[in-house]
Visitor: 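First the structure, which I've put down as structure tokens, then a few questions once you've had a look.
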Amino acid sequence: MDDILHIAFDCFNVARYIFSNIGSLFGYLFAPLTGLFNFAKGFFDGIASTPPATAVSWVFPDNIMAVFNAIPYFNVIEYACGAGISVLILVFIFRRLAEF
């Protein structure tokens, strides 16, 4: 009698193992679809809702702006620094892509 129960428990353990692996396999197979559906749902929920109010205001006091406005061609310096940083980031990205 003990041998029959042992064999029955072994059969149930094998069935549990097989169904667990099949469930994991379906989980791995449908993971990209789940990610795609979650992205699409979040995207359409995001474009349908109104944007939140900004928590940070980027308005500087007049005395600080007076210092920056006193620098001649400060807006050109800002654009040049932004362009330089952008070029450095692009060079970094292309170097990383070239390593592959």
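None of the values given here were measured: they were computed from a predicted structure.
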Visitor: Is there a donor-acceptor pair under 3.5 Å between the side chain of Thr34 and the backbone N or O of Phe30?
Guide: yes
Visitor: Can you confirm whether Tyr79 is buried at OH, in the sense that more than 12 heavy atoms of other residues, nucleotides or ligands lie under 6.0 Å from that atom?
Guide: no
Visitor: Name the residue from Asn63, Asn69, Val67 that meets the side chain to side chain contact (heavy atoms under 4.5 Å, CB included) definition with Met65.
Guide: Asn69
Visitor: Quick one: salt bridge (charged side-chain N to carboxylate O under 4.0 Å, His left out) pairs with a partner in residues 55-83, sequence neighbours left out?
Guide: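 The answer is none; no pair qualifies.
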Visitor: Hey, could you give me the OG/CZ distance between Ser49 and Phe44, rounded to the nearest 0.5 Å?
Guide: 13.0 Å
Visitor: The criterion is salt bridge (charged side-chain N to carboxylate O under 4.0 Å, His left out); which residues satisfy it with Asp45, sequence neighbours excluded?
Guide: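 So Asp45 forms a salt bridge (charged side-chain N to carboxylate O under 4.0 Å, His left out) with Lys41.
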Visitor: For a 4.5 angstrom cut-off between non-hydrogen side-chain atoms, does Asn21 reach Leu25?
Guide: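 Asn21 does not reach Leu25 side chain to side chain.
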Visitor: Say whether Ile64 and Ile71 are linked into one hydrophobic cluster, either directly or through other cluster members, by side-chain heavy-atom distances under 4.5 angstrom.
Guide: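 As far as the 4.5 Å side-chain criterion goes, Ile71 and Ile64 are connected within one cluster.
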Visitor: Side chain to side chain contact (heavy atoms under 4.5 Å, CB included) with Ile7: which residues, sequence neighbours excluded?
Guide: Cys11
Visitor: Group every Ile, Leu, Val, Met, Phe, Trp and Tyr by side-chain heavy-atom contacts under 4.5 Å, then state whether Leu36 and Tyr28 land in the same group.
Guide: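 Different clusters.
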Visitor: Quick one: pull up CG in Leu5 and CG in Asp10 and give me the separation to the nearest 0.5 Å.
Guide: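 Going from CG on Leu5 over to CG on Asp10, the span is 11.0 Å.
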Visitor: Look up atom CG in Leu90 and atom CG in Leu97, then write down how far apart they are to the nearest 0.5 Å.
Guide: 10.5 Å
